[in-house]
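All ligand and atom numbering here is 1-based and tracks the order in the structure. Because the structure is a prediction, the values reported are computed rather than measured. The first residue of the sequence shown is numbered 1, and numbering continues consecutively from there.
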Amino acid sequence: MIDKYNKVHTSRRQFLRNAGALALAASPLNAIAASDTSEGITFADGPRPLVRYPGKRELILVHTRPPHLETPASVFNESVITPNDAFFVRYHLANFPTSIDPETYRLTVKGAVKTPLSLSLAELKSSMQQVEVVAVNQCSGNSRGYSSPRVFGAQLGNGAMGNARWVGVPLKTVLEKAGVLSGARQVTFNGLDKPVLPSTPDFRKALDIEHALSPEPMLAWSMNGEDLPFLNGYPLKLIVPGYFGTYWVKHLSEIEVIDHLYEGHDAYFMTKAYRLPDNDCMCVAPGTSADKTRPISTLPVRSFITSVKTDDVLPVNRTIKLKGIAFDDGSGIKTVDVSIDSGQTWRAATLGNDLGRFSFREWQLAISFKSTGSAVLMVRASNRQGEIQPLKADWNPGGYRRHAIESTPITIA
Ligand SMILES: Nc1nc2c(c(=O)[nH]1)N[C@H]1C(S)=C(S)[C@@H](COP(=O)(O)O)O[C@H]1N2
Ligand SMILES: [Mo]
């Protein structure tokens, strides 16, 4: 009886949580009036409201159609793994799925392959060797709101990033099962979301064949030990560790191997959007555009203080434990230095547990202030390739790939 009850109970709960339906379709449960979400930043657009979508806690609303939600900064201080209900959400196309039946869902693998495949979720989960990685998903436009001069596009704070444990199968294994033909150049990825109008390009991305056949990219169905949250790409998502989130295609349904470089109407998000100036700094003089561009690719090294926020008041002559995170493209964090005097002197922080080279890396440092007044905290990370955060961010027209030391002005009292 108890067994039976438990089983019924669990499967009903599972159903409610995981059946691949976005309860109440795609509308927010409630929008909360603008409150404490400015996080010390005054974006030209003003303070941003909090909103609740199914399966999510209150997140910062960027816009509703399609859902675009940012993670509040406090979440990054709670844990080094970003909880599923707090993970940011980004869509480009208004016609995105609101329910997906895991029984009838299929992943198609086609194009320049020996054997085209149509794989069910059950087959994916059972017929191949599973792998696991902790990796950061960061939107190319994360922190765009700090671009100076200001650029077009959503004025994002630092909440379009998150760190999760992904479980799935290597993309390589699936491609090898289909048998990639010689002459293959790229692999394209499409999800179940669609444009509303035929004139709008679909959201499709491409990886070079060498990258697609490397050990890292994976097809994940599990995030932090649960099915993927619907809004984060249920039931399957392409994970590209070290690369910006734009490649992490959600609701993945179609993989095509092609013998040329991706082009045409539906290659828009490779050939027109998500591109950077094709030079060493990936930058141009503010207000100008680049003659030549290339697709955005890997994450620069970044670090944040999570335990203190802008305009906090900290006590004088008291030991304070500062805490934060650092991450990069998978080269691995080497050092994190902190300054409490606007960058005049720096001290090495202690790195926390290593959850893998693609993960957020925690750091901490005990500090104390000797005098009252205003102060600026700064944090600067370096990685094993010798990359270091510069003092000033380079500028590009998309406001992509922010790479600079972050400052937190505070008061000591
Ligand atoms: N199918 C689909 N996948 C997508 C997108 C999209 O619009 N449609 N947006 C991409 C972009 S730009 C980002 S930043 C990430 C966001 O992932 P998340 O919503 O799970 O946080 O999804 C990527 N995958
Ligand atoms: Mo993005």
Listed partners of Tyr262 passing side chain to side chain donor-acceptor pair (under 3.5 Å), at least two apart
none
Check whether any side-chain heavy atom of Thr108 sits under 4.5 Å from a side-chain heavy atom of Pro116, and report yes or no.
no
Under the rule for side chain to side chain donor-acceptor pair (under 3.5 Å), what residues qualify as partners of Arg361, not counting sequence neighbours?
none
Going by atom types alone, do Asn158 and Ser143 pair a side-chain donor with an acceptor below 3.5 Å?
yes
Filter the ligand 1-protein atom pairs down to N or O on both sides and distance under 3.5 Å, then list them.
from     : atom 1 : to     : atom 2 : distance (Å)
ligand 1 : 1 (N)  : Asp193 : OD1    : 2.8
ligand 1 : 1 (N)  : Asp193 : OD2    : 3.1
ligand 1 : 1 (N)  : Lys250 : O      : 3.1
ligand 1 : 3 (N)  : Lys250 : N      : 2.9
ligand 1 : 7 (O)  : His92  : N      : 2.9
ligand 1 : 7 (O)  : His92  : ND1    : 2.8
ligand 1 : 8 (N)  : Asp193 : OD2    : 2.6
ligand 1 : 9 (N)  : His92  : ND1    : 3.4
ligand 1 : 17 (O) : Asn137 : ND2    : 3.3
ligand 1 : 19 (O) : Arg90  : N      : 2.9
ligand 1 : 19 (O) : Lys250 : NZ     : 2.6
ligand 1 : 20 (O) : Asn232 : ND2    : 2.9
ligand 1 : 20 (O) : Lys237 : NZ     : 2.5
ligand 1 : 21 (O) : Phe88  : O      : 2.7
ligand 1 : 21 (O) : Asn232 : ND2    : 3.4
ligand 1 : 24 (N) : Trp248 : O      : 2.9

Using side-chain contact (heavy atoms from CB on, under 4.5 Å) as the criterion, list what pairs up with Ser407, not counting sequence neighbours.
Val376, Met378
Quick one: pull up CG in Leu261 and CZ in Arg185 and give me the separation to the nearest 0.5 Å.
4.0 Å
